[in-house]
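Here is the structure we will look at, set down as structure tokens.
Convention: sequence-line order gives letters A, B, ...; per-chain numbering from 1.
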Amino acid sequence: MDFKVTIVVTLKPSVLDPQGTTVTEALHHMGYNNVSDVRMGKFMEVSVQASSEKAAEQQAHEICKKLLVNPVIETYRLTIKPAQEAAV
Amino acid sequence: MDFKVTIVVTLKPSVLDPQGTTVTEALHHMGYNNVSDVRMGKFMEVSVQASSEKAAEQQAHEICKKLLVNPVIETYRLTIKPAQEAAV
Amino acid sequence: MIKFGVVMFPGSNCDHDCFYAVQQFFSDQVDFIWHKSTDVHGYDCIVLPGGFSYGDYLRTGAIARFSPVMSEVKKFASAGKPVIGICNGFQILLESGLLPGAMLRNTSLRFICKYVHIKPVNFSTPFSKGLKKNEAIHIPVAHGEGNYYIDDEGLKKLQKNNQIVFQYCNERGIVSDDFNPNGSVANIAGICNEAGNVLGMMPHPERCCDPMLGSSDGKRIFESLLQSLNQRQTV
Amino acid sequence: MKEQEVTLQVALEHGLTEQEFSTICSILGRTPNFTELGVFSVMWSEHCSYKNSRAWLKKFPTTGPSVMVKAGDENAGIIDIGDGLAVSFKIESHNHPSAVEPFQGAATGIGGIIRDIFTMGARPIALMNSLRFGKLSAPNVRRLLDGVVRGISHYGNCIGIPTVGGEIYFDSTYEGNPLVNVFCLGILKHEDIALGKASGVGNSVYYVGAATGRDGIHGATFASEELNEASEDRRPSVQVGDPFMEKLLVEACLELLQTDAVVGIQDMGAAGLTCSTCETASRGGAGIEIELAKVPQREKGMIPYEILLSESQERMLVIVKKGSESEVEAIFDKWDLHAVNIGQVTDDGKMRVKFHGETVVDVPAKALADEAPVYHRAFKEPAYYKQQQIINLANVREPVSYAATFKSLLSNPSIASKKWVYEQYDHMVMTNTVVLPGKADAAVIRLKGTEKLLAITTDCNGRYCYLDPYIGGQIAVAEAARNVVCSGGKPIGVTDCLNFGNPMKEEIFWQFKNCIEGVADACKAFNIPVTGGNVSFYNENPRGAVDPTPVIGLVGLIESQNHVTTAGFKNAGDTIILLGPLDSTIGGSEYLAQEHGIKGGKLPEFDMKLEKAVQSFCYELIKNGLVKSAHDCAEGGLAVTLAECAIIGSEKGMHLGAKVALPDTGNRADSILFGERQSRIIITVNKEHTENIVKQAQQKQIPANIIGSVVSDRFELKYANKVLIEESVSSIHDIYYSALEVSLS
Ligand SMILES: Nc1ncnc2c1ncn2[C@@H]1O[C@H](COP(=O)(O)OP(=O)(O)O)[C@@H](O)[C@H]1O
Ligand SMILES: [Mg+2]
């Protein structure tokens, strides 16, 4: 079965986010003073083939821990859906 | 009122994603042959102060169009929540 | 003769520069080691060069650390032999866990290529033994992600174990945020592991070995290494 | 799926003319099918066929004893530099893609020019870029500048080729039409020259590199049109660059070329697979047959038309000797690149394309590649030309404060230091950059293993070319050559990138023709061959065309490290000599434009004979070891040039300035200080050599004036016994280095 995994990777709250800071400043420059605390992260979509949703989820966590996420600075969360549903 | 906006920016489907391709291949090299089609995007969190959810949403779309998203190659979607709820 | 191995990852681009500098100034014995190789036998020092391994996609160094050669580099390092990671090599060492911490984008969010000064603050590694206190080494940086990060606890540990090897400073050796090109924690330009045989540094010593290029201060680091290795060999 | 039927209307929509369509029909002896029409339309587009410029490009001198591959024959020319070595270099525009998407546009421009060089068998060792934008105060310009610089930085840094130099101008003429011209130089051994030709019946045709997507379909035709509202809708044609993929391609191809397996190799640039197949076949006097179903594809359901016309980046076509296939595949496999055998060389001169076995294109390769129509466009002198020349400059008011004008010129973004830009480029990787950006008039790189070095530069002043295209064209070459000479080199080859408006407009074509004649005559005068280049038309929007901008990339050979010369002052006490004429007018100057808002006036006199004499004199002095610093006198005139010598020669804590007194010429002070006469070089020499040098100059009838000496930390400029400028070096140093960043913040 095919599953669509979406992964959101964000910097840990304790890690300074230079990009977020710069974007916040740029928005203020543009006059958006009501906007604040921009934090930048990554969004990934991955197709996983597995026998069950559970197996797919386990795989997804595995590749996150091994490759996609650096636990020193980042945390992540993921959602998983059968591919057909995701396509809708 | 404070709102928390989350924005997901992805490359348009037809646009080449060198990062995604390279990560997919890396995963294959690592033995994850059941994983494919990695697409990389951006994830952003922004705090917006506005009189209503509707106003916040409008602002959010505005800053996406003006700064956060490159419409030539990217598309985006956003969700918006009152800050208290989001904190939960 | 001290034998060097320079690892070539796909996307390495300072591999030839390291090779050339070593061969020109320090040792006839230098080989490229292809990243798929699992044999690092016979080398006295391994260099992980700068560049953009795997395009720096995902995170700098994140994919390269899975290259077959890296498990051999780990064994090599745990045997106490010297490993130096320069720029992208440093980033690979961080991702592979051979050194603590991680890299963030420069605070300017821009790639920065220029000469800076760094000051050695640890004189017990093979790479820095021969350096002088208060010497300001004139050396180029060239990176987009050299903003070294480690949490407070980790920083304390680094300091306690004397693992900070180089800090950004001015031409008179004064360390301050004003001379930090990338926002790195504690103005760190280079660190080592607890044992001191694995060094990661953002600046490029191989770019300043030849006086023709404007500075030969980078030689000092390699000379220190050679000296230590020669001593060890004679022992 | 049924293909669209081809009619004249469809051909017109493809940008072909009625005449061109009927030529195609008679070449084929039938009406082309839809795919064939697409193929002809891209190959016969302005971008690929040079149909409107080709006749005039013949004016360039292209031969010479050192020319190994001539302009127009291959993807880039090749010049012998002795010791069994040669250089290959070329400049190309990516203006239109950069206007639409500055980051990717500039990035893929870098990718493209690098491919043109390693295709020749050369290892790329240096990049440069020549950029032009509107004024920084105009909307969107900062975004464009930022995107372009980031794009170049992204691609060039990642691939590990140093960006060693370039130029940037800000002028309202480029608003909405930025010029992004990129240059690459590579080095090779004589025996390693690779050619883009297909020959040997039965040899295999390999496709290597990135998979094909629907990128940039119509990209080539797009580059040949004016930018307007409709071009917004073509945005899907934006291509994304993958420098990592290209790095693998460079390494794999250069490794491959060391074997005997390769017959020909060519990049897929504009018009992608179409262009590379028909050009290689045409050059080899052969035919090619390929099967599109075998082409790696990124997207589902692509039709032949799309696969053939796609401009996906980072792809190469390699013609492999029969029997060597496995050797080739092994090398690409080592570099994790997919190499696919998609067809073979045939003997019937046809470009034959199949899709799942069915023939979809069957056309003579030569007709497609080489028999595009050649047009001789009409031209007419524009009305502005004479009008501008008669502007009475005597009515221009002299500055109230010379010091203020001087400082505002120094902080003009076109003049001020470009440190903000070049520090974003890795300019040191490869450890060959002997003279770093900002230090001399040309970038200097060493060639490891030899005594020799190269000096390279790009130059063009669009305003001069607007005011007088012929003289402006000459000046572009003369100034580039002067820059190389000031750095210690001898010019050996030129590549040019001709950026103009719509060639169908007679006034534009007049500018084009005159610029070409100026460039050509100057190259002949200096005896420098043109080794190749690029033409970019339609740099025009509804408000008008850009200034004619024929950017010159010039390469010089430096015989020894001892000849390398930089612009900054070296020691207090040295004598400052002005080689070349002292007097000038303010016509066409940056000063006149900036301070008085006048784009006009007659350019100061330009004398090619004097120019050559000054350059060869300076070169001889440098070779004899007499010159401590040399700096070409350009935008901002003598005052700015002298200030730059002081600023560049000053390091932290050690400032060098100048005490200069210019003799009264009877002319107004602003023309002496800020006028931009050509053929002038500021040199500094050891005091004791001064007299001898001036005497030598007199013998050769070259004006040489001792105008002052190098001092520490003071910059003083006198004219006719009046002190007009007096500043501390540290203050002008700060202005010069921070101005660009300040105007960006
Ligand atoms: N302005 C020019 N001066 C000299 N040669 C030129 C000029 N413009 C184009 N050429 C030559 O014409 C030939 C055709 O260019 P080509 O390489 O096909 O363009 P592209 O790289 O865009 O496909 C090249 O050899 C190029 O050097
Ligand atoms: Mg080409």
Side-chain angles (χ1 to χ4, degrees), chain C residues 8-21 23-24 34-36 49-57 60 63 67 87-88 106 108-117 138-144 170-172 179 181 203-215 218, chain D residues 123 125 146 149-150 152-164 241-248 250-252 333-337 419-439 444-446 448-449 453 561-562 564 566 651-654 741:
Chain C
M8 272 177 135
F9 296 98
S12 292
N13 64 32
C14 305
D15 43 354
H16 284 89
D17 300 354
C18 288
F19 186 98
Y20 181 82
Q23 194 183 45
Q24 191 80 353
W34 184 237
H35 76 115
K36 290 178 190 168
F52 287 68
S53 57
Y54 293 95
D56 271 1
Y57 295 146
T60 58
I63 301 179
S67 276
C87 198
N88 192 231
N106 297 349
S108 65
L109 301 182
R110 293 180 189 281
F111 189 94
I112 177 93
C113 175
K114 65 175 185 185
Y115 265 94
V116 299
H117 288 91
H138 194 40
I139 191 168
V141 289
H143 57 248
N170 72 355
E171 70 275 10
R172 282 173 293 132
F179 315 119
H204 288 270
E206 82 282 8
R207 291 188 183 187
C208 54
C209 287
D210 194 334
M212 191 174 177
L213 300 178
S215 166
Chain D
R123 173 166 288 276
I125 55 167
D146 186 62
V149 170
R150 279 183 194 280
I152 292 171
S153 155
H154 164 70
Y155 209 103
N157 298 352
C158 181
I159 200 165
I161 302 166
T163 299
V164 296
D242 182 355
F244 171 57
M245 172 70 80
E246 181 133 316
K247 169 73 176 164
L248 300 180
V250 174
E251 297 303 334
D333 189 50
K334 170 187 165 189
W335 290 98
D336 293 327
L337 288 168
K419 175 159 120 9
W420 180 85
V421 175
Y422 61 69
E423 282 189 350
Q424 296 186 53
Y425 302 147
D426 190 342
H427 47 262
M428 300 188 226
V429 63
M430 290 190 149
T431 58
N432 293 324
T433 318
V434 168
V435 174
L436 300 181
K439 291 289 180 195
V444 176
I445 53 174
R446 66 171 172 185
K448 286 185 186 123
L453 305 95
Q561 192 195 337
N562 299 329
V564 174
T566 54
E651 310 262 308
K652 271 208 190 75
M654 209 273 295
E741 218 171 327

#### Entry: D/N432, part contacting chain C, at a heavy-atom distance under 4.5 Å
backbone
#### Entry: Nearest non-hydrogen partners of D/M430 and C/D17, listed with the distance
N-OD2, 2.8 Å
### Message
So for D/L436, is it side chain, backbone, both, or neither that comes closer than 4.5 Å to the heavy atoms of chain C?
### Response
side chain
### Message
Between D/K448 and C/D210 (salt bridge meaning N to carboxylate O under 4.0 Å), is one present in this structure?
### Response
no
### Query
Given a strict heavy-atom distance threshold of 4.5 Å, which part of D/L453 is in contact with chain C: side chain, backbone, both, or neither?
side chain
### Summary
Rounded to the nearest 0.5 Å, the CG atom of C/N106 sits from the CD atom of D/Q424 at a distance of 10.5 Å
### Side chains of D/M428 and C/L213 in contact at under 4.5 Å (non-hydrogen atoms)
no
#### Entry: Sidechain-backbone polar pair: C/N13 side chain, D/N157 backbone, donor-acceptor under 3.5 Å
yes
### Task
Assign the ring pair C/W34 / D/W335 to parallel, tilted or perpendicular, where the plane angle (0 to 90°) is split at 30° and 60°.
perpendicular
### Query
Considering only heavy atoms, which portion of C/Y54 lies under 4.5 Å from any heavy atom of chain D: side chain, backbone, both, or neither?
both
### Query
SG/C/C14 to CG/D/D426 distance, rounded to the nearest 0.5 angstrom?
6.5 Å
#### Entry: Residue among C/G51, C/A142, C/G55 with most heavy-atom pairs under 4.5 Å to chain D
C/G55
### Query
Contact part of C/Y57 toward chain D, heavy-atom cut-off under 4.5 Å: side chain, backbone, both or neither?
side chain
### Query
Just how far is it from atom CE of C/M8 to atom CD of D/E251, taken to the nearest 0.5 Å?
6.0 Å
### Summary
For D/L248 and C/P10 the tightest heavy-atom approach is CD2-CB, 3.8 Å
### Portion of D/T431 that has a non-hydrogen atom of chain C nearer than 4.5 angstrom
both
### Task
Name the option with the most non-hydrogen atom pairs under 4.5 Å to chain D; the candidates are C/C113, C/C208, C/A21.
C/C113
### Query
Got a second to check how far C/M212's CE is from D/Q561's CD, nearest 0.5 Å?
4.0 Å
### Query
Backbone N or O of D/K419 within a donor-acceptor pair of the C/K114 side chain at under 3.5 Å?
no
### Query
Among C/H16, C/E206, C/K36, which has the most heavy-atom pairs under 4.5 Å with chain D?
C/K36
### Task
Determine, for C/F52 and D/K247, whether the Lys NZ or Arg CZ falls below 6.0 Å from the six-membered ring centre while staying within 45 degrees of the axis.
no
